[in-house]
Amino acid sequence: MRFPISISYFLSYKLNGSVFFGSVLNFKELFTPNDDPNHVVFDFKNAKVMDYSGVEAINSMIEKYDSLDKKVTLRNVGSYSQNLFKNAKEITSITKESIEVN
């Protein structure tokens, strides 16, 4: 599910599959915030956030990176996942500025 691609300015995690209540523990284990550069991209081209457990898992990773003064950008987020993020905006750190829209 994780294929990190390191480019000199940021690290991109190419995610595959669904992020939902049954996959959140594995999802959180994919990342290495302490070792990653100051800018990290979660690329959802081949992934979809399915429920609010998935939103919370992503949010907790963003908060972990934030606590280390590192930036997270969500890329290629589908409309279904964007709507979940939008509906959860009051309880998450995920902002529209952190989501790149193509």
Side-chain angles (χ1 to χ4, degrees):
M1 184 158 169
R2 173 183 120 154
F3 302 98
I5 297 173
S6 183
I7 300 176
S8 59
Y9 301 111
F10 65 91
L11 176 71
S12 181
Y13 287 96
K14 304 278 186 178
L15 304 171
N16 292 298
S18 299
V19 183
F20 67 108
F21 73 93
S23 67
V24 295
L25 291 177
N26 290 334
F27 177 82
K28 291 179 179 183
E29 293 175 358
L30 298 174
F31 305 97
T32 54
N34 290 324
D35 299 327
D36 289 348
N38 288 333
H39 184 199
V40 177
V41 173
F42 296 175
D43 189 338
F44 286 88
K45 183 176 182 179
N46 297 312
K48 184 176 183 179
V49 182
M50 301 299 293
D51 60 19
Y52 290 106
S53 295
V55 171
E56 178 51 36
I58 294 162
N59 184 62
S60 73
M61 291 312 304
I62 290 174
E63 288 177 344
K64 192 169 285 190
Y65 281 96
D66 276 349
S67 73
L68 298 168
D69 292 324
K70 297 182 180 188
K71 176 184 175 185
V72 175
T73 301
L74 307 180
R75 184 174 287 162
N76 296 315
V77 178
S79 59
Y80 181 84
S81 301
Q82 285 182 41
N83 284 333
L84 284 175
F85 293 137
K86 181 180 175 185
N87 291 337
K89 68 182 177 186
E90 299 298 323
I91 59 171
T92 69
S93 302
I94 301 168
T95 63
K96 64 181 180 181
E97 291 79 24
S98 65
I99 300 174
E100 281 186 4
V101 179
N102 294 342

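All values derive from a computational prediction rather than experimental measurement.
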Taking salt bridge (charged side-chain N to carboxylate O under 4.0 Å, His left out) as the cut-off, I'd like each qualifying pair that reaches into residues 42-62, sequence neighbours left out, listed once. K14-D43
Search all heavy atoms of M61 against all heavy atoms of F27 and return the closest pair with its distance. CG-CE2, 4.0 Å
Sort out for me which residue in D36, N38, N34 forms a side-chain contact (heavy atoms from CB on, under 4.5 Å) with Y65. D36
Heavy atoms only: give me the nearest V19-G54 pair and the separation to one decimal. CG1-CA, 3.6 Å
My understanding is that a hydrophobic cluster links ILVMFWY residues whose side chain heavy atoms are under 4.5 Å apart, including indirect links. Using that, what else belongs to the cluster containing F21? F20, M50
So V55 and N87, do their side chains get closer than 4.5 Å, heavy atoms only? no
Inter-residue atom distance N46.CG - S18.OG, 0.5 Å rounding: 11.5 Å
Validation row: Y13, T32 side chains within 4.5 angstrom (heavy atoms): yes
Heavy-atom closest pair (H39 atom, T73 atom, distance to 0.1 Å) is NE2-OG1, 2.8 Å
Applying salt bridge (charged side-chain N to carboxylate O under 4.0 Å, His left out) as the test, list every pair that has at least one member in residues 59-72; sequence neighbours left out. none
Treat each ILVMFWY residue as a node, draw an edge where side-chain heavy atoms are under 4.5 Å apart, and state whether I99 and V49 are in one component. yes
Single-linkage hydrophobic cluster L11~L68, side-chain heavy atoms < 4.5 angstrom: no
Could you check if a side-chain atom of V40 sits within less than 4.5 angstrom of a side-chain atom of F31, using non-hydrogen atoms only? no
Might you confirm whether atom NZ of K28 has over 12 heavy atoms from other residues, nucleotides or ligands at distances under 6.0 Å? yes
How many angstroms lie between atom CZ of F44 and atom CG of N76, to the nearest 0.5 angstrom? 10.0 Å
Does F85 reach the side chain of N59, with side-chain heavy atoms less than 4.5 Å apart? no
Taking side chain to side chain donor-acceptor pair (under 3.5 Å) as the definition, give me every residue that meets it alongside S53, ordered by chain and number, with sequence neighbours left out. none
List in chain and number order the residues that pass side-chain contact (heavy atoms from CB on, under 4.5 Å) with S98, two or more places apart in sequence or in another chain; answer none if no residue qualifies. I94, T95
Examine V24 and L30 and state if one hydrophobic cluster contains both, with Ile, Leu, Val, Met, Phe, Trp and Tyr joined whenever side-chain heavy atoms are less than 4.5 Å apart. no
To the closest 0.5 Å, what do you measure between CG (L15) and OG (S23)? 10.0 Å
Can you confirm whether more than 12 heavy atoms, excluding those of L25, are under 6.0 Å from its CG atom? no
